[in-house]
2 protein chains.
Amino acid sequence: MTTKWVYLFREGDASMRDLLGGKGAGVAEMTRTGVPVPPGFTITTEACNTYYAIGRKFPEGLWDQVLAGVQDIEAQTGTQFGDPSNPLLVSVRSGAKFSMPGMMDTVLNLGLNQATREGLAKLTDNPRFAADAYRRFVQLFGKIVLGVDGERFEHVMDEMKGHGERLDTDLSSEELLQIAERFKAIIKEDVGAEFPEDPYDQLRESIAAVFRSWNGRRAVDYRRINKISDSLGTGVNVQSMVFGNMGSDSATGVAFTRNPSTGEHAIFGEYLVNAQGEDVVAGVRTPQPISKLEETMPEVYDQFIGITRQLESHYKDVQDVEFTIERGRLWMLQTRNGKRTAAAALKIAVDMVNEGVIDKATAVQRVDPAALDQLLHPMIDPAARKQAAVLTTGLPASPGAASGKAVFNPDEAEQIAATGEKVILIRVETAPEDFHGMVAAQAILTARGGMTSHAAVVARGMGKPCVAGAGDLRVNYASQSVTVNGTTIRKGDWVTLDGGTGEVFAGELDTVEPELSGDFSTLMAWADEFRTIGVRANADIPRDAAVARRFGAEGIGLCRTEHMFFEGDRIDAVREMIIADTEEDRRAALAKIEPLQQGDFEGLFREMAGLPVTIRTLDPPLHEFLPHEDHEIAALAAKLGVDANKVKSRVESLREANPMLGFRGCRLGIMYPEITEMQARAIFKAAVAVKNEGIDIHPEVMIPLVGNANELKLQEELVRRMASEVFTAAGVEVPYLVGTMIELPRAALTADEIAETAEFFSFGTNDLTQTALGLSRDDSGRFLPAYVEKKIIADDPFQSIDQRGVGQLVQIGTERGRSTRADLKVGICGEHGGDPASVEFFYKAGLNYVSCSPYRVPIARLAAAQAALGDAKRDK
Amino acid sequence: MTTKWVYLFREGDASMRDLLGGKGAGVAEMTRTGVPVPPGFTITTEACNTYYAIGRKFPEGLWDQVLAGVQDIEAQTGTQFGDPSNPLLVSVRSGAKFSMPGMMDTVLNLGLNQATREGLAKLTDNPRFAADAYRRFVQLFGKIVLGVDGERFEHVMDEMKGHGERLDTDLSSEELLQIAERFKAIIKEDVGAEFPEDPYDQLRESIAAVFRSWNGRRAVDYRRINKISDSLGTGVNVQSMVFGNMGSDSATGVAFTRNPSTGEHAIFGEYLVNAQGEDVVAGVRTPQPISKLEETMPEVYDQFIGITRQLESHYKDVQDVEFTIERGRLWMLQTRNGKRTAAAALKIAVDMVNEGVIDKATAVQRVDPAALDQLLHPMIDPAARKQAAVLTTGLPASPGAASGKAVFNPDEAEQIAATGEKVILIRVETAPEDFHGMVAAQAILTARGGMTSHAAVVARGMGKPCVAGAGDLRVNYASQSVTVNGTTIRKGDWVTLDGGTGEVFAGELDTVEPELSGDFSTLMAWADEFRTIGVRANADIPRDAAVARRFGAEGIGLCRTEHMFFEGDRIDAVREMIIADTEEDRRAALAKIEPLQQGDFEGLFREMAGLPVTIRTLDPPLHEFLPHEDHEIAALAAKLGVDANKVKSRVESLREANPMLGFRGCRLGIMYPEITEMQARAIFKAAVAVKNEGIDIHPEVMIPLVGNANELKLQEELVRRMASEVFTAAGVEVPYLVGTMIELPRAALTADEIAETAEFFSFGTNDLTQTALGLSRDDSGRFLPAYVEKKIIADDPFQSIDQRGVGQLVQIGTERGRSTRADLKVGICGEHGGDPASVEFFYKAGLNYVSCSPYRVPIARLAAAQAALGDAKRDK
């Protein structure tokens with residue numbers, strides 16, 4: 001028995017998306033439920049895959065089944081393919097499982113040739129209509145099926161219209177026919193063959209062209225960007241033509257059952273009288289709003305509204321429909337779930353629950369967590385954006401838009417911002433010592449660095465816009481200016497950044513602040529009902545903690561104590577500590593830092609009353625805190641009252657070949673236990689002080705970069721000793737945990753040993769990615785984009801977790817850790833904590849919580865809920 | 001029933017080492033086999049462990065069993081503990097499973113007090129002897145059991161002897177008793193209690209002191225250095241005293257049954273007449289060679305020789321014995337396997353097989369593979385060494401000794417060496433661009449870098465001595481000198497290095513060349529009979545390959561193609577390639593390199609005729625090949641005829657934050673396929689050329705730093721395409737393999753996918769250690785030594801593989817790789833390939849071969865044989 005390659009519309013239904021593609025399943029479902037759809041059939045995606053599998057040939061039986069399908073259309077419409085007296089005309093459209101705009105345009109009016117064109121003219125008594133239909137067909141077929149450069153056809157059209165003197169509609173039948181002939185000449189010249197007169201030839205070639213378009217450049221790119229599998233194949237829909245261009249009682253249009261921008265519950269769409277579908281898209285004439293139809297064709301309008309309501313309640317989601325009115329008769333050509341903005345998605349989901357259309361679980365699954373980002377940050381006013389030219393584009397490192405005066409130095413950023421001016425900090429790349437400038441700036445722009453560069457990570461943590469790695473920038477610190485593609489921006493010039501798109505604009509563009517609607521809180525509350533995995537935030541200072549809590553964070557998963565080291569004058573004490581030769585001198589410097597750290601921790605504990613606060617001990621290599629320029633070194637030496645050469649030699653001796661793998665993390669605390677002692681004391685003193693205020697607190701001390709159970713044991717003993725000393729002195733006890741980051745492959749592989757000491761694990765997936773993949777995030781820019789491009793890897797592993805490699809270590813570490821300590825609390829605090837796909841993975845790996853930057857907390861909450869709901873797949 | 005804590009000597013035997021310790025088992029075995037041993041008993045190691053387990057208390061029943069043991073000695077000797085008329089005196093000695101010199105000294109003459117001392121004087125009719133014995137006992141007990149500073153006793157002795165005017169033997173009985181009383185006063189002052197008069201108190205305290213000494217500082221350090229478990233515990237041997245100091249018919253001595261330096265089959269030892277054991281060790285009087293005994297006490301000598309022969313043939317190994325002659329009667333006090341030099345170990349092992357004493361397998365197990373290093377490299381003449389002062393000590397990075405004139409610049413090293421002068425290259429650290437200077441030098445000395453720094457790795461590869469990371473060196477390139485601890489060495493001054501010890505000497509010290517005896521080849525041949533895992537060498541140039549083959553390498557496991565890039569002028573073409581902006585320019589530069597690489601490969605193939613040669617494609621980051629100083633950049637720009645700024649900006653743009661994790665390995669070949677193409681073409685052209693000479697060759701192309709199966713796939717396709725092009729053009733086919741290095745954790749974890757393409761794996765354990773542990777080998781010097789010191793880790797993971805972490809990845813990678821490809825060939829080519837413990841691990845992990853630097857090939861062969869023999873443990 002031959003495979004069934006062809007399904008008549010009435011043979012399919014909505015559930016057959018895999019086989020018929022989205023469009024095919026949609027028209028089948030409409031046909032099945034009695035919606036007026038022009039008859040037709042769908043060639044299956046399986047036929048497409050078989051076409052490739054057997055070497056770009058039609059599978060056996062396909063053509064016969066196509067012919068049978070054509071006969072069915074003929075029978076239903078009373079027309080005949082190639083019959084001049086009553087010709088059947090069809091459209092041929094691709095239709096994959098997921099909508100892929102731009103994959104292949106539609107071929108319309110297929111079936112026309114000299115004879116049928118004349119027949120059509122007679123039949124409709126409208127020679128111009130027939131001529132125009134023919135011209136369109138030749139043009140589309142030539143371009144889409146035969147691959148002739150469309151420009152050449154446009155050029156002819158343009159010439160005939162006197163280069164803009166006349167409109168399409170001004171062309172006469174004769175002129176249109178003339179144009180068609182010229183088109184055919186171009187085709188013959190280009191392809192080397194006559195334009196096919198036989199409708200069956202036309203059909204066969206069009207079907208093959210749709211198959212081929214599946215592996216066309218545009219389609220392949222689209223799938224890569226949208227992570228759609230190459231193996232799905234496309235369906236082909238062959239459908240009898242209806243004409244919206246048969247006079248003033250004909251029209252064509254598109255509509256959404258609800259407003260796709262705002263979510264407003266009202267039909268939203270537009271149509272053109274006397275036009276074919278492509279005219280709406282081409283924008284040659286301005287279409288009319290759908291409400292106008294109520295005035296001009298009230299009966300059709302009522303029928304249309306009835307059908308759209310039926311479709312929406314049938315699909316239980318907003319529908320995006322295409323329709324044509326042929327001589328007063330309404331035909332529905334397509335229905336699909338409508339794409340929408342994040343704001344609309346929110347409102348529609350909440351409204352539909354209130355209307356009783358869907359349940360809360362469905363509503364939670366309807367909103368793309370990643371899209372929430374749009375709602376949480378200021379945007380460039382769309383009106384302003386239209387008029388602005390993009391100066392350059394970098395990586396969209398931290399979302400949101402901001403304008404300010406260009407500043408190239410963090411100190412100046414601080415000074416100018418102190419006068420009330422808005423500034424944008426522009427640097428080649430940022431370092432921890434630029435922190436105060438980043439705090440002062442509205443946004444950060446860097447020429448170098450990736451999505452997880454210092455600038456990007458810090459900016460996301462602060463919820464500040466950041467465009468990173470804008471490689472075209474030529475930053476010149478000496479002249480305090482930046483040149484980009486011929487334009488020079490000087491200190492004080494206004495610039496605007498869009499951290500959500502990576503765009504950089506010269507000048508000040510208006511931005512609009514986000515408003516978090518009640519729908520947002522409603523949906524997030526529903527999400528929390530389904531969510532089973534906790535969501536914490538990475539926050540270093542009380543202000544960030546407050547933002548995180550407002551966004552629903554259930555604690556702090558990572559406080560990087562060293563981020564506080566750069567605030568104010570304390571960096572001097574930090575540097576003094578690093579320069580010190582003896583433990584005694586180090587302790588003296590640490591004593592200056594201790595009360596400041598204690599104050600920081602108190603602030604965090606207060607903001608996070610009742611919730612856990614995970615504090616990581618010192619992590620980065622010490623040289624990150626030291627100045628590197630000679631004049632800075634001299635200044636520091638003068639301040640500390642030591643010899644500049646000594647400082648210089650200390651800076652030099654701390655220089656490392658691979659700082660990422662160097663003297664950092666718990667290695668610091670093991671070699672200089674007095675640092676961990678100071679930090680632990682500051683934590684427990686702060687805990688006692690805040691507890692004495694009557695606040696419930698849950699400190700968790702986290703030791704970084706542990707590779708070996710003994711390292712943790714040594715640091716843990718020290719932390720517990722400090723706790724006991726502080727508690728004894730204060731006569732107050734605060735319950736606390738001691739745990740570790742798992743950020744080295746060895747730690748994951750020996751997690752059973754480490755869990756003997758650790759009360760909790762937090763996977764540091766940034767560093768775990770760097771080590772497991774041997775991939776420095778700062779240096780990967782030279783090849784990682786090409787790796788994604790060449791499909792060597794599916795995603796940037798710093799954005800979405802590498803499940804097979806790094807994810808495997810997360811699974812191993814979790815399992816082995818719990819094999820020793822069954823109630824081990826396991827979380828993650830890398831950048832991946834705010835990535836929906838990664839959150840789903842962590843949920844499946846059995847983690848207790850994810851921790852991400854404050855502004856990504858809502859995203860994580862929603863993604864976690866969707867993961868728990870078992871199907872995080874969203875309509876593409 | 002109480003545990004048996006005490007074994008009489010006649011109750012034990014040699015097999016009870018775990019329970020009785022080495023010494024206890026030795027005397028028990030001698031007792032059992034009829035050798036004259038003074039009666040005694042051993043307290044078990046279990047008693048020691050229990051002592052600690054129950055809080056430093058004697059286990060229940062121990063003391064009663066000790067008392068029973070004392071009664072047994074009394075019965076055998078006819079003496080009685082504390083009986084003035086016929087007192088029993090005993091020695092108390094520690095004795096762990098493995099000999100631990102310096103753990104605890106022996107307490108002799110225990111049982112003496114005022115009364116028994118007088119009794120002894122009467123009984124022996126020798127009051128001076130009794131007084132001296134008493135003085136010795138008080139002194140030893142005070143120092144060893146009570147912990148009084150020995151200096152205080154020495155001070156009294158010194159005073160009594162008139163500060164060197166008289167010898168010990170010149171002291172009269174009265175003086176000795178006076179001394180003893182002064183000792184007791186010191187003890188009372190120090191300890192706050194009277195010296196114990198009761199022999200049973202003396203015994204109890206001594207036993208406890210031996211238990212305590214197990215966890216004394218010296219013992220703990222010794223165990224750490226020698227990797228002996230802390231949980232073994234020590235035995236305690238209580239033995240009736242015999243006296244070598246009872247007159248001229250008494251003596252005491254030590255002997256080896258064969259010469260421990262040369263292995264010569266002749267008794268080797270020395271003795272002192274009228275002395276106790278400690279006198280031999282103290283070196284106060286010069287002992288006489290054992291042959292002298294034949295003249296003075298021929299009967300005793302004959303008995304002694306008979307016993308030593310009996311012991312050697314009983315233990316089937318060289319014995320190190322202690323003996324005492326008391327009034328003409330011979331007593332054996334101890335026997336144990338004798339420590340020996342590598343040369344002696346070799347000769348003894350081979351001789352004993354020839355004598356029929358042991359079999360080949362035993363012989364192979366008798367030689368410590370690591371000790372072979374001594375035999376393969378020149379040494380400083382021991383005579384010369386005695387007179388030389390060590391300037392400083394660095395890391396023993398590559399064994400062997402060499403002298404030469406100090407040179408601070410690789411170019412000069414080359415120039416001066418070309419005139420026939422010997423030079424030592426002294427650098428702060430070396431980089432690949434120093435390679436030619438290293439080739440020219442006799443040895444390399446660096447101030448910075450660890451055991452696996454560039455200097456160390458390259459030097460070991462070349463078999464050249466290297467002392468690395470000598471941190472006291474202050475190298476000044478400007479003045480071409482180095483200052484170390486106050487001494488300045490200028491260019492042209494002679495220096496001598498010992499790369500086996502890390503010592504640096506000023507001046508020219510004579511060195512002696514190693515002679516590889518026939519025994520060496522014999523033993524290695526026997527080793528190969530048992531060995532089941534292959535041994536290859538890491539060699540980059542034909543000369544190294546030749547050395548490797550001479551040492552028995554069965555192929556090349558790693559040829560680092562880039563090491564050839566620095567030879568002669570070719571670095572210019574390499575740099576031109578790196579500076580190139582376009583693929584075309586890159587190809588032009590690569591075309592210059594190709595014939596040179598082909599020539600290199602031809603040389604390797606010829607040297608390794610019949611054996612596999614694994615060639616790795618380009619691995620290091622490109623900036624390693626570029627100059628970094630402004631004047632070098634200018635020179636290069638001039639040479640290439642390009643703008644210096646362009647070169648500078650290229651150098652700058654290739655700078656990386658963490659080059660170890662950066663743009664290197666297969667990432668280079670993927671971004672610049674033309675590089676891999678060139679190298680593959682050179683390999684296959686060389687293969688064809690050498691095959692045409694009638695030589696059988698087996699090239700294996702190895703792709704480095706693969707983290708992802710797709711990377712390997714892309715590079716493999718390219719390599720196979722080149723092979724096919726070259727073979728087609730030549731009309732000759734050469735069988736070859738394509739495989740990969742597994743040096744990233746992700747590669748090990750996804751080895752099943754990678755093995756779909758890879759025909760072999762070679763674990764790059766250097767980089768795998770760096771990534772799995774997050775540990776840069778260049779930067780670990782600041783904390784790794786302290787980690788070993790603090791026992792956080794057992795070994796430097798760059799020297800001996802971290803079995804639990806990195807080893808686990810090797811096991812996972814091997815298993816998963818073979819799950820996809822059952823016949824996957826798996827090897828390792830990191831530094832660990834020459835480390836005996838690591839070789840044993842790799843053998844157990846089921847690897848097919850190890851590959852190490854040429855000079856370590858014999859070590860790996862022997863270690864592999866021992867691993868296969870199932871018990872690689874050697875007598876410690």
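Naming convention: chains lettered A, B, ... in sequence-line order (proteins, then strands); numbering from 1 in each chain.
Residue-level contacts of residues 617-626 of chain A with chain B do not occur; threshold 4.5 Å between heavy atoms. For residues 710-719 of chain A, heavy-atom neighbours of chain B at less than 4.5 Å comprise A/N710, A/E711, A/L714, sorted by residue number.
The candidate with the highest count of non-hydrogen atom pairs below 4.5 Å against chain B, out of A/P745, A/G707, A/A709, A/G805, is A/P745. The greatest number of non-hydrogen atom pairs below 4.5 Å with chain B, out of A/M671, A/Q770, A/R804, A/R655, is found for A/R804. Heavy-atom pairs under 4.5 Å with chain B peak, among A/I792, A/L744, A/L809, at A/I792. Looking only at heavy-atom pairs under 4.5 Å with chain B, the residue among A/S780, A/A786, A/G662, A/A772 that has the most is A/A772. Note: A/D802 leads A/I793, A/I812, A/D802 in heavy-atom pairs under 4.5 Å with chain B. Top candidate by heavy-atom pairs under 4.5 Å with chain B, chosen from A/N708, A/L668, A/V806, is A/N708.
Side-chain N or O atoms of A/Y477 include none that pairs as donor or acceptor with a backbone N or O of A/R427 at under 3.5 Å. A donor-acceptor pair under 3.5 Å links the side-chain atoms of A/T446 to the main chain of A/G469, judged by distance alone. Side-chain atoms of A/S776 never come within 3.5 Å of backbone atoms of B/L661 as a donor-acceptor pair (strictly under, hydrogens ignored). Using modelled atom types, no side-chain atom of A/T820 and backbone atom of A/E756 make a donor-acceptor pair closer than 3.5 Å. In terms of modelled atom types and a separation under 3.5 Å, the side chain of A/D778 and the main chain of B/A657 share no donor-acceptor contact.
Using a 4.0 Å cut-off between a side-chain N of Lys or Arg and a carboxylate O of Asp or Glu, A/R777 and A/D767 do not qualify as a salt bridge. The pair B/D643-B/K648 does not count as a salt bridge, with every side-chain nitrogen at least 4.0 angstrom from each carboxylate oxygen.
Heavy atoms closer than 4.5 Å to chain A are found in both the backbone and the side chain of B/E656. In this structure, chain B has a heavy atom under 4.5 Å from the side chain of A/E429, while its backbone stays farther away. Contacts between A/T750 and chain B at a heavy-atom distance below 4.5 Å involve backbone atoms as well as side-chain atoms.
Counting heavy atoms from C-beta on, the side chains of A/V706 and A/I754 come closer than 4.5 Å.
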### Query
For B/N766 and B/F798, what are the C-alpha separation, side-chain angles and deciding distance, and is it a side chain to side chain contact (heavy atoms under 4.5 Å, CB included)?
CA-CA 7 Å; B/N766 293 352; B/F798 294 114; 5.6 Å; no

#### Entry: Verdict with supporting geometry, A/K646 and A/I579, side chain to side chain contact (heavy atoms under 4.5 Å, CB included)
CA-CA 8 Å; A/K646 185 188 158 184; A/I579 302 297; 4.0 Å; yes

### Message
As a quick check of understanding, evaluate side chain to side chain contact (heavy atoms under 4.5 Å, CB included) for B/I703 and B/R616, giving each step before the final call.
### Response
CA-CA 6 Å; B/I703 308 299; B/R616 179 177 73 183; over 6 Å; no

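Atom OG of B/S819 sits about 5.0 Å away from atom CG of B/D752, to the nearest 0.5 Å. How far CD1 of B/I801 is from CD of B/Q803: 7.5 Å, rounded to the nearest 0.5 Å.
Ring geometry, B/F663 versus A/F783: the interplanar angle falls under 30°, so the pair is classed parallel (tilted spans 30 to 60°).
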